[in-house]
Q: 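Mind looking over this structure? Questions follow.
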Protein chains: 2
Amino acid sequence: MTVVGRRERKKLATRAALRETALRLALRHGVEHVTVEQIAAETDIAVRTFFNYFSSKEEAMVAAVAAEADALIGEFRGRPRDEPVLRALREAVAHVMAVSDTEALRLIVRAPSLLPQRLAVYATREKALAEAIADRLGLSPDDLYPAVCAATALTAMRVVLERWLDQPADHAALREQTEEVIGLLAAGLERRLP
Amino acid sequence: MTVVGRRERKKLATRAALRETALRLALRHGVEHVTVEQIAAETDIAVRTFFNYFSSKEEAMVAAVAAEADALIGEFRGRPRDEPVLRALREAVAHVMAVSDTEALRLIVRAPSLLPQRLAVYATREKALAEAIADRLGLSPDDLYPAVCAATALTAMRVVLERWLDQPADHAALREQTEEVIGLLAAGLERRLP
DNA sequence: ATGCATCGATGCATACTGTGCAAGTTGACT
DNA sequence: AGTCAACTTGCACAGTATGCATCGATGCAT
């Protein structure tokens, strides 16, 4: 196991505390009205130190999304090896979303000022997911398929999530819509006028 | 036709001038070393006025990408109605990229600090593309298929473009790789361990 | 052409963001 | 205990971004 010293534990704790404070303040006052100074003060941390952890207030706020994306990749890697890629992804999403904080997620997804940073988070996770897919299939991470599959699948999940957050929270509906989208990707996206 | 007065023409000219100056300075000095003050001065515009056109220096720099995305959607809408969606997209991409400034594009795509804004541009164009797809197929823009198809196809194009920009400019290769990706999406993305 | 209403450009003030640097603390390891 | 490396902090400073008031240019009706 990875033996973590006090130092690393404190760092993780500080990072988590900043992330939670940022989100809490955003929920209370609205994303736009929270400043780094407030986040730092509320966490009892110097402003300068905040910037040692996050390069912007937006990054701190979408850190929750980043954590969920990491969890998704972890779940995916834990799926049985003989399971097809898209099905494994579908199940991974279901497991992660089951324990997700819908209220916070809705706040983050609906804030226009967080859109660029949120998308950047997904984009960086694309790489990790592509590697996981390549591992699963015994391909090279440089192949086209893992890259495209990771990127498009994540994007499809994002679309589903955004649509789902616009309706009353219903986890059964989310599962259903996830399956529908995965079905689309699996069956092929080509269409023409009937 | 839309009759544009002198006022609107000047606005468009100013916006284009700012966009071009931003890009030119970025090419000369590097994205990170360009300030709004420089862009404004070089365009002979007040700094305050710059912010009437773009909400950040990053937005001005990725404006070229936004213009290309708009052109892509225009080409797509101009394709024959009986053409399948993905094939129409493939052809639209080919036409837009044929007249694209590869050097500028490479600069924008490779700059990490522009990633969030660039992705935000794609995301906003997703909506327009989804509408165009819905129009083509006679579906509602609220249907799942247009939203997912627009989002995933744009994402797939992005992946291809990013990979292509990492190799020497060769438009034949780009066309080939575009076709390959569209083929993937058309055939379905599901895969499993052999 | 004149006069009026609107829109856009600008300067100013101000709050906030983000980073380099140097000094002080704390943790890890011997 | 002592030493080194890593982390925190304060300070200075450049740059970003917005509200507000003002001034000039444009569009339009008469």
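Throughout, a chain's letter reflects where its sequence line sits, starting with A, and its residues are numbered from 1.
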Q: Let's test this: given Watson-Crick or G-U wobble pairing with both distances under 3.5 Å, identify the partner of D:dT30.
A: C:dA1
Q: Would you kindly check whether a donor in the side chain of B:Arg48 faces an acceptor in the base of C:dG8, or vice versa, at under 3.5 angstrom?
A: no
Q: When all nucleic acid strands are considered with a 4.0 Å heavy-atom cut-off, which category describes A:Arg6: base, sugar-phosphate, or nothing?
A: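 Sugar-phosphate, backbone atoms only, no base.
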Q: For D:dA25, does OP1 or OP2 lie under 4.0 Å from any side-chain N or O of B:Lys10?
A: no
Q: Taking only the side-chain heavy atoms of A:Thr14 (C-beta and beyond), determine which of D:dT9, D:dC7, D:dT8 contains the nearest atom.
A: D:dT8
Q: Taking only the side-chain nitrogens and oxygens of B:Lys57, find out if one of them lies under 4.0 Å from OP1 or OP2 of D:dG15.
A: no
Q: So, B:Arg79 and B:Glu75, do they make that salt bridge, N to O below 4.0 Å?
A: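 Judged by the 4.0 Å cut-off on N to carboxylate O distance, B:Arg79 and B:Glu75 do not form a salt bridge.
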Q: For A:Glu58 and A:Ser113, which I'm curious about, is there any donor-acceptor pair between the side chains at under 3.5 Å?
A: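 The answer is no; no qualifying pair exists.
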Q: Quick one: label B:Thr49 by what it contacts on the DNA or RNA (base, sugar-phosphate, nothing), any heavy atom closer than 4.0 Å.
A: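 Base contact.
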Q: Does the base of D:dT26 carry an N or O that pairs as donor and acceptor with the side chain of B:Arg9 under 3.5 Å?
A: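 No.
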Q: Report the nucleotide, chosen from D:dA25, C:dT10, D:dT9, that has the shortest atom-to-atom distance to any side-chain atom of A:Asn52.
A: D:dT9
Q: Compute both the distance and the angle, then confirm whether A:Arg158 meets the cation-pi test with A:Tyr122: under 6.0 Å from the six-membered ring centre, within 45 degrees of the axis.
A: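 No.
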Q: Would A:Arg19 and A:Phe54 count as a cation-pi pair here, with the cationic atom under 6.0 angstrom from the ring centre and within 45° of the axis?
A: no
Q: For a quick check of understanding: with a heavy-atom distance under 4.0 Å over all strands, which category does A:Tyr53 fall into, base, sugar-phosphate or nothing?
A: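 Sugar-phosphate contact only.
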